[in-house]
Amino acid sequence: MLSGLVRVVPAGDITGIVNVGDDMELHGLSICPDLDTVTYTLAGMDNRETGWGVAGESWAVMDELARLGGEDWFRLGDRDLATHLFRTGRLRAGEPLSAVTAELARRRGIAVRLVPVTDDPLRTRVVLAEASELGAPGTEVSFQDYFVRLHHDVPVRGVRFDGAGTARPAPGVMDALGDAETIVVCPSNPVVSIGPVLAVPGVRDALVTRRDRVVGVSPIVAGAALKGPADRLMAELGTEPSVVGVARLYAPWVGTLVVDVADASHAAAIEAEGVRCVVTPTVMSTPERAEALARTVVDAAG
């Protein structure tokens with residue numbers, strides 16, 4: 001979505017507020033998967049085959065670590081490792097995550113202002129509904145344990161955002177939400193990508209206040225997620241995995257929901273939830289389609 005928006009709106013006019021609930025410490029390094037994926041994508045160096053990491057990556061360090069019997073379930077490529085080393089060094093020197101993120105973006109030639117939703121520790125924790133290699137039903141695990149180690153194959157009975165109660169919005173977050181002409185909710189997982197952002201005190205209230213300027217793009221198309229477990233997580237946690245379910249979740253703070261043409265028949269049901277519905281192709285399979293969707297989204301706020 002961001003790669004489409006920068007083809008429609010000057011990059012310097014865009015602020016990207018990014019989830020940090022997926023962040024983790026591994027091998028002594030501070031790893032921020034969402035921030036890095038957004039950064040790599042905007043820098044044109046993302047791996048489009050995997051959806052994560054760097055294109056043309058090499059794996060010498062991970063391969064050697066595996067030979068040594070080290071922990072290699074979370075794969076980090078050599079170029080990707082450079083990002084984590086840089087970030088960890090800056091954080092240990094006392095810089096906040098928002099400042100390190102801005103420096104990384106600047107060094108990658110990115111004009112979009114990228115901001116973690118908070119500089120404070122915020123971690124998504126997942127409660128498993130069935131036994132797995134990590135424990136019995138009811139075991140709570142980190143997001144990356146659920147998503148990567150368990151391949152998000154285990155049903156979930158709950159999600160919580162550890163640290164949300166004391167987290168503060170990072171510098172620039174509240175100003176961006178208050179001043180933006182249009183606030184775009186990208187088609188990300190409502191539970192574990194959008195949820196941690198909303199959990200930071202002040203963010204949801206700011207969106208409620210500006211609801212008429214908030215345009216969401218549904219991550220569900222024809223009853224399924226195009227990528228990841230959003231549909232299963234929604235169902236497991238009691239929300240209908242459909243565009244109507246998304247509208248119901250988002251209604252208090254989203255004024256307009258953009259849905260795919262495959263869901264055109266649900267427009268009336270969406271509007272019955274108090275959310276204006278816009279129907280357009282939303283599957284961004286090419287840069288041109290991402291640009292077309294971005295134009296629709298920007299226009300949708302009026």
Side-chain angles (χ1 to χ4, degrees), residues 18-41 43 45-47 49-101 103-105 107-108 114 116-128 132-135 139-154 156 159-164 167 170 188-189 191-193 195-197 199 228-229:
V18 184
N19 167 42
V20 296
D22 300 5
D23 292 6
M24 65 188 300
E25 298 286 327
L26 187 65
H27 309 306
L29 300 176
S30 296
I31 299 170
C32 302
D34 282 11
L35 282 167
D36 291 339
T37 295
V38 171
T39 300
Y40 295 154
T41 299
M45 54 188 290
D46 56 309
N47 187 330
E49 293 182 6
T50 62
W52 54 271
V54 180
E57 186 61 278
S58 58
W59 302 94
V61 172
M62 280 291 111
D63 291 345
E64 188 64 22
L65 183 63
R67 280 191 283 270
L68 293 172
E71 197 170 8
D72 67 340
W73 61 271
F74 193 90
R75 300 281 289 171
L76 300 169
D78 299 331
R79 296 177 69 194
D80 192 30
L81 273 166
T83 297
H84 308 316
L85 288 164
F86 181 92
R87 176 188 295 114
T88 303
R90 289 289 199 268
L91 291 174
R92 289 182 180 170
E95 291 189 45
L97 180 60
S98 53
V100 181
T101 299
E103 186 172 1
L104 281 166
R107 290 174 181 270
R108 298 291 191 193
L114 296 181
V117 66
T118 181
D119 282 331
D120 299 319
L122 175 68
R123 298 293 181 267
T124 299
R125 305 286 297 176
V126 178
V127 181
L128 305 180
S132 73
E133 64 185 78
L134 299 181
T139 299
E140 184 179 82
V141 301
S142 74
F143 175 80
Q144 297 300 347
D145 277 325
Y146 161 73
F147 193 78
V148 179
R149 194 192 292 256
L150 297 177
H151 310 289
H152 52 79
D153 283 339
V154 180
V156 167
V159 172
R160 72 180 183 92
F161 306 115
D162 189 32
S188 298
N189 189 312
V191 179
V192 293
S193 293
V197 174

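Remember, predicted model here, so these are calculated numbers, not experimental data. The figures that follow rest on heavy atoms only: side chains count, while hydrogens, waters and symmetry mates do not. We're numbering straight along the sequence, starting at 1.
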Residues Leu76, Val61; criterion side chain to side chain contact (heavy atoms under 4.5 Å, CB included); working and verdict: CA-CA 8 Å; Leu76 300 169; Val61 172; over 6 Å; no

Step-by-step side chain to side chain donor-acceptor pair (under 3.5 Å) determination, Asn19 to Ser193: CA-CA 6 Å; Asn19 167 42; Ser193 293; 4.6 Å; no

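Of all heavy-atom pairs between His84 and Ile31, the closest is CE1-CG2, 3.7 Å.
Within the model, atoms CZ of Arg75 and CG of Asp80 stand 11.5 Å from one another, a figure rounded to the nearest 0.5 Å. Between Phe143 atom CZ and Asp34 atom CG the span is 7.5 Å, to the nearest 0.5 Å.
In this structure, the side-chain contact (heavy atoms from CB on, under 4.5 Å) partners of Ser132, at least two apart in sequence or on a different chain, are Leu128, Leu134, Leu150, Val154. With sequence neighbours left out, Glu140 forms a side-chain hydrogen bond (donor to acceptor under 3.5 Å, both in side chains) with Arg125, Arg160. Among residues two or more places apart in sequence or in another chain, the side-chain contact (heavy atoms from CB on, under 4.5 Å) test is passed with Ala55 by none. For the side-chain contact (heavy atoms from CB on, under 4.5 Å) test, no residue two or more places apart in sequence or in another chain qualifies with Pro121. Applying the side-chain contact (heavy atoms from CB on, under 4.5 Å) rule to Arg108 yields the partners Thr39, Tyr40, Ala43, Met45, Thr83, Ile110; only residues at least two apart in sequence or on another chain are considered.
In Glu133, the CD atom is crowded: over 12 heavy atoms of neighbouring residues, nucleotides or ligands sit closer than 6.0 Å.
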Would you tabulate the side-chain donor-acceptor contacts of residues 66-74 under 3.5 Å, counting partners in other chains and residues two or more places apart, or write 'none'?
from	atom 1	to	atom 2	distance (Å)
Arg67	NE	Glu64	OE1	3.1
Arg67	NH2	Glu64	OE1	2.9
Glu71	OE2	Trp73	NE1	2.7
Glu71	OE2	Arg149	NH2	3.3

